[in-house]
2 protein chains.
Amino acid sequence: MIRRIPQQPRDRGIPDATVARLPLYLRALNGLAERAVATVSSEDLAVAAGVNSAKLRKDLSHLGSYGTRGVGYDVQYLIYQISRELGLTQDWAVAIVGVGNLGRALANYGGFVSRGFRVAGLLDADPEVVGDHIAGLVVEHSDELESVIAKRGVSIVVIATPATAAQAVCDRVIASGVTSILNFAPVVLTVPAGVDVRKVDLSIELQILAFHEQRKVNGGPVMGEEWAGEVS
Amino acid sequence: MIRRIPQQPRDRGIPDATVARLPLYLRALNGLAERAVATVSSEDLAVAAGVNSAKLRKDLSHLGSYGTRGVGYDVQYLIYQISRELGLTQDWAVAIVGVGNLGRALANYGGFVSRGFRVAGLLDADPEVVGDHIAGLVVEHSDELESVIAKRGVSIVVIATPATAAQAVCDRVIASGVTSILNFAPVVLTVPAGVDVRKVDLSIELQILAFHEQRKVNGGPVMGEEWAGEVS
DNA sequence: TCGACTTTGTGCATCACTTCACAAAGGCAC
DNA sequence: GTGCCTTTGTGAAGTGATGCACAAAGTCGA
Ligand SMILES: NC(=O)c1ccc[n+]([C@@H]2O[C@H](COP(=O)([O-])OP(=O)(O)OC[C@H]3O[C@@H](n4cnc5c(N)ncnc54)[C@H](O)[C@@H]3O)[C@@H](O)[C@H]2O)c1
Ligand SMILES: NC(=O)c1ccc[n+]([C@@H]2O[C@H](COP(=O)([O-])OP(=O)(O)OC[C@H]3O[C@@H](n4cnc5c(N)ncnc54)[C@H](O)[C@@H]3O)[C@@H](O)[C@H]2O)c1
């Protein structure tokens, strides 16, 4: 008989692909709740979220059996369950490092707060920027990074500095105990195991669009052009 | 003596997952090129791009056979091939609709131009905003959307309006013949077949981070009620 | 109470992507 | 040339996600 060593609390193993869609369902459900809809079928919710209904049902089945056959899902109850699963029933303190064009836009973004994310700190290296009042906060100097993270219980950090500064900021943030990072700088961050980094890269999205656009227009990459560079 | 000329990729079916990584490789290659590196092995390039080397080789093999066994890949040549495949050897006119916090940040973003994307129009519905000078452009009224798209050959549109306006803008844009849209509004856009929509949603990224963060802290959602930790 | 009807939850086949592992290709030293 | 060494390109196996199709579960009207 093989005895399995009881590891961590047995991961309920929600697939990453499912986790990535839960916020989408949540958004659709909130839309329904605003319109005072009490229950919704997987078919309708799937349409609202832009996915296949079988996929939606399988996704939800990973959380538990929260539907009623013949009826559908209770909107409020499902909102609660998904929120709980995503950890949105608690408050997350977020710090934004790099208060330039993008950092300011993020700081002013209302979609943050509405989901349990509280901007608890804005940090920048530029003395010109430090002291600015943005969205009710005062920009602090990035020298204070460690103390801001520690004092305000920051657990998620958004990096919006130039690419050149991103890895250094990342290292300091991790040294301060943060293990969740959202990176907007166009650079691959190197982090130790156990740290989650998600990246948002506008440039990559545009390039993917360009790839498909090119194929629509002329069926593929520009043909017939010879390589003009040196190949040795 | 027959000289083997690298073929044009005849396989029209480059996997989406591969396409999504090509910009990553391109960025890594540009970094190498700046440091005057002439050739690079799949192993080194994979590290720079943050992927597995076998995956990188398979990805590149979809474009053609551009490496040299025993040596690696010529950096400049590979930059050219990937650029061509992504359609970056041509110039793409981009319009940004919705010049608020985010739209301004995008308009000022240098990473646009450096990859063959030219901001050809800024549009907003707010008369207060129309006429502003941003990044060398004048904000035009969104009534001009159709004519701006037609006159300036816009083929990619970035939507940065509030969620409530996004679908309406989307519809008009598509009616004008645009088939590539990058959407920042937190809403599922409904589009006809043949139109590509990519979305960037900060809120979703944060929620995914929160999910994982929650599991690190206490092993799962708060109030772990159904603890059916069945051990076989 | 019962039967018709609706909708969930899921087994299963399939598809897409990843990773391994290695033969073949090519450079290079002599 | 010849043989050694490095690295590519790719079959094949592995892993995970997707979507179909349907039995089971539950509602609701009569
Ligand atoms: N603006 C966009 O639309 C956009 C889009 C995609 C990606 N990005 C990326 O996001 C990042 C920020 O873009 P941006 O347009 O806001 O640039 P920006 O130059 O306007 O702002 C960068 C800010 O970071 C600060 N900074 C520099 N080094 C720092 C450090 N070590 N610690 C703390 N702060 C530091 C600077 O003082 C500046 O205020 C860049 O990496 C950019 O490539 C921007
Ligand atoms: N700011 C962020 O960091 C951020 C992050 C993620 C997502 N978003 C989303 O991006 C969008 C824009 O965010 P923002 O912070 O810039 O909002 P914002 O309110 O600052 O800007 C929106 C702009 O769109 C304009 N607009 C409204 N209706 C329009 C129409 N029909 N046609 C053209 N323009 C119109 C408004 O006049 C305004 O200038 C929102 O949907 C928001 O949810 C923003």
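Per chain, numbering begins at 1; letters A, B, ... match sequence-line order.
Between A/N52 and B/G72, the one whose closest nucleotide on DNA chain D sits nearer the 5' end is B/G72.
Residues B/I181 and B/I174 form a side-chain contact, since some pair of their non-hydrogen atoms from C-beta on lies under 4.5 Å apart. Counting only heavy atoms from C-beta outward, the side chains of B/L145 and B/S176 never approach each other to under 4.5 Å. Residues B/L106 and B/F112 meet the side-chain proximity criterion, which asks for heavy atoms closer than 4.5 Å. Between A/T18 and A/L63 the shortest side-chain heavy-atom distance does not fall below 4.5 Å. At a threshold of 4.5 Å between non-hydrogen side-chain atoms, the residues B/L88 and A/Q207 count as touching.
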Next item on the list: For the pair B/E85 and A/R215, evaluate salt bridge (charged side-chain N to carboxylate O under 4.0 Å, His left out) and give the outcome as yes or no after the intermediate values.
Entry: CA-CA 10 Å; B/E85 194 66 39; A/R215 304 219 149 186; 2.7 Å; yes

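Spacing between atom CG of B/L60 and atom P of D/dG9 amounts to 8 Å, rounded to whole angstrom units. The distance from atom CG of A/L45 to atom C1' of C/dT8 is 13 Å, rounded to the nearest whole Å. D/dT18 atom C1' lies 12 Å from atom NE2 of A/H62, rounded to whole Å. The separation between B/Y66 atom OH and C/dG26 atom P is 16 Å, rounded to whole Å. Across the protein-nucleic acid pair, A/I14 atom CD1 and D/dG16 atom C1' stand 16 Å apart, rounded to whole Å. As rounded to whole Å, 7 Å separates atom P of C/dT18 from atom CG of B/D59. Rounded to whole Å, the distance from CG on B/L56 to C1' on C/dC20 is 16 Å. Straight-line distance from the CD atom of A/E43 to the P atom of C/dT6: 14 Å, rounded to whole Å.
Remark: the backbone N or O of A/S53 is not paired with any side-chain donor or acceptor of A/E43 at under 3.5 angstrom. Looking at A/Q76, its side chain never comes within 3.5 Å of a backbone N or O of A/A33 through a donor-acceptor pair. For A/R27 (side chain) and B/P186 (main-chain N/O), a donor-acceptor pair under 3.5 Å exists by modelled atom type.
Between the side chains of B/Q167 and B/D171, at least one donor N or O sits under 3.5 Å from an acceptor N or O. Looking only at atom types and distance, the side chain of B/E213 has a donor-acceptor partner in the side chain of A/S180 under 3.5 Å away.
The side chain of B/S42 contributes an N or O atom lying less than 4.0 Å from OP1 or OP2 of D/dT8. Distances shown here put every side-chain N or O of B/Y73 at or beyond 4.0 Å from the OP1 or OP2 atom of D/dT6. Taking 4.0 angstrom as the limit, B/S65 places a side-chain polar atom (N or O) nearer than this to OP1 or OP2 of D/dG9.
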Output a table of nitrogen or oxygen pairs between the protein and nucleotides 28-30 of chain D separated by less than 3.5 Å.
none

For nucleotides 12-17 of chain C, give me every protein contact, N/O to N/O, under 3.5 Å, one pair per line with atom names.
residue	atom	partner	partner atom	Å
C/dC12	N4	A/K58	NZ	3.2

Between the protein and nucleotides 21-23 of chain D, list the N/O to N/O atom pairs that are separated by less than 3.5 angstrom.
residue	atom	partner	partner atom	Å
D/dA21	N6	A/R57	NH2	3.3

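Here the shortest heavy-atom pairing between A/S61 and A/K58 reads OG-O, 2.7 Å.
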